[in-house]
Protein chains: 2
Amino acid sequence: MESRIERLCTASGLRMTHPRRVIARVLSEAPDHPDVQELYQRTRAVDPRISLATLYRTVHLFEQSGILERRNLGSRRARYEPSGEHDHFHLVDLDSDKVIEFDEPETEALMHRVAARYGFDLVSLRIELFGRRTRHNTESRKTPQGSSSTPNTGDQVR
Amino acid sequence: MESRIERLCTASGLRMTHPRRVIARVLSEAPDHPDVQELYQRTRAVDPRISLATLYRTVHLFEQSGILERRNLGSRRARYEPSGEHDHFHLVDLDSDKVIEFDEPETEALMHRVAARYGFDLVSLRIELFGRRTRHNTESRKTPQGSSSTPNTGDQVR
DNA sequence: TTAGGTGCAAAGAATTTGCCTTTCA
DNA sequence: TGAAAGGCAAATTCTTTGCACCTAA
């Protein structure tokens, strides 16, 4: 069955090879912001013949076709996510590397005005917050508290 | 004569060697957001015996001492700037890589509230705008228009 | 005098590329 | 079938590190 990203690929007129289909599927199923190594593990799990070079090439291709977006989010490696239906920003948990996405349409509009003030047309903007879960007096909390025990590459919250 | 950054170094109790003094001076005089290669050229111009390894080590040291801040600003290489007297954000001219700094204290406060909403204490935040100079009907403009002809590493506007 | 810093060259990590083989349309 | 894509390994780019020699305090 065709994955969401695979549909975007064919819509963009990309030649759909086997590796691209696998990568598209892995990306479609990713709930997080994986880096290339992480994607490599996941594609290998599906088909170990797919090489790292192909992964890099494909991810670039998808990026240039506007299907994927590259993020840095504080780490050295680039991380990827499907291009937004809507714009959003990122809040990174420094203890677990998990990423929470959030909207701020007003802020976005404001940033367009800031750019305009300096004589610029805004092409893109990044807002990245880095923080740690509040350790408060009591145990009460607003957001469900993830088991922030394993500081690793992936993230889940969305 | 002692540079501003050199004073910060001694204030932090760092051992002031010759290479560190030169690097501190180069950083003090930088009006832009240079990357390590750029800093290397500038220190070599002062004293060609200073090695790239020392530059990396020094820049790390300064960063950990809170004297410098590392930025990415869209490029692969890390770029550095003296730690802020005040917080600010960056607007990058995509055609020239020049960087304009701007304040948005209200936005910053808002981002603290956003983080709090998710149960986080905000440690740091980045707001980076990427844009191009507005090409308008007439020639009138608000900001002085830099000769955005040479797309290179450095930037100047502040 | 000696702990800490430096230079040099080699090692690492992340990513890109050359080249020959394979595959999709 | 032919142009585009993939695999593999080597090359690049940016950054870090081991080690023997130097230098600031």
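Chain A is the first sequence line, chain B the second, and so forth, proteins listed ahead of strands; every chain is numbered from 1.
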>> Tell me every residue that passes salt bridge (Lys or Arg N to Asp or Glu O under 4.0 Å) with B/Glu128, counting only those two or more places apart in sequence or in another chain.
In response: A/Arg126, B/Arg126
> Axis-to-axis angle across the helix from C/dT1-D/dA25 to C/dA25-D/dT1, five pairs an end, to 10 degrees?
Replying inline: 40°
> Which residues satisfy the salt bridge (Lys or Arg N to Asp or Glu O under 4.0 Å) test with B/Asp47, sequence neighbours excluded?
Replying inline: B/Arg49
> Please, which pairs that meet salt bridge (charged side-chain N to carboxylate O under 4.0 Å, His left out) have at least one residue in residues 50-65 of chain A, sequence neighbours excluded?
Replying inline: A/Glu63-A/Arg70
>> Restricting to salt bridge (Lys or Arg N to Asp or Glu O under 4.0 Å), what partner residues turn up for A/Arg25, sequence neighbours left out?
In response: A/Glu29
>> Tell me the interatomic distance from A/Gln64, atom CD, to C/dT16, atom C1', rounded to whole angstroms.
In response: 13 Å
> Is the closest side-chain donor-acceptor distance between B/Glu81 and B/His88 under 3.5 Å?
Replying inline: yes
>> Generate the contact string for nucleotides 14-22 of chain D. Rules: B means base contact, S means sugar-phosphate contact only, - means no protein heavy atom under 4.0 Å.
In response: SBBBB----
> Can you list the residues that meet the side-chain hydrogen bond (donor to acceptor under 3.5 Å, both in side chains) rule with A/Arg44, with sequence neighbours excluded?
Replying inline: A/Tyr40
> Taking only residues two or more places apart in sequence or in another chain, which ones pass side-chain hydrogen bond (donor to acceptor under 3.5 Å, both in side chains) with B/Ser75?
Replying inline: none
> Tell me, for nucleotides 20-25 of chain C in 5' to 3' order, what letter each nucleotide earns: B for a base near a protein heavy atom under 4.0 Å, S for only sugar-phosphate near one, - for neither?
Replying inline: ---BBS
> Which class fits the ring pair A/His33 and A/His90: parallel under 30°, tilted 30 to 60°, perpendicular over 60°?
Replying inline: perpendicular
> For B/Tyr40 and C/dT6, what is the distance between atoms OH and C1' respectively, to the nearest whole Å?
Replying inline: 13 Å
>> Rounding to an integer number of Å, can you tell me how far B/Ile50 CD1 sits from C/dC8 C1'?
In response: 15 Å
>> Using whole Å, what does the distance between atom P of nucleotide C/dA3 and atom CG of B/Leu61 come to?
In response: 19 Å
>> For B/Thr10, give me all partners under side-chain hydrogen bond (donor to acceptor under 3.5 Å, both in side chains), at least two apart in sequence or on another chain.
In response: none
>> Holding to side-chain hydrogen bond (donor to acceptor under 3.5 Å, both in side chains), I want the full list of residues that pass it with A/Thr17, two or more places apart in sequence or in another chain.
In response: none
>> For B/Arg132, give me all partners under salt bridge (Lys or Arg N to Asp or Glu O under 4.0 Å), at least two apart in sequence or on another chain.
In response: B/Asp95
> To the nearest angstrom, how far is A/Leu55 atom CG from C/dT17 atom C1'?
Replying inline: 16 Å
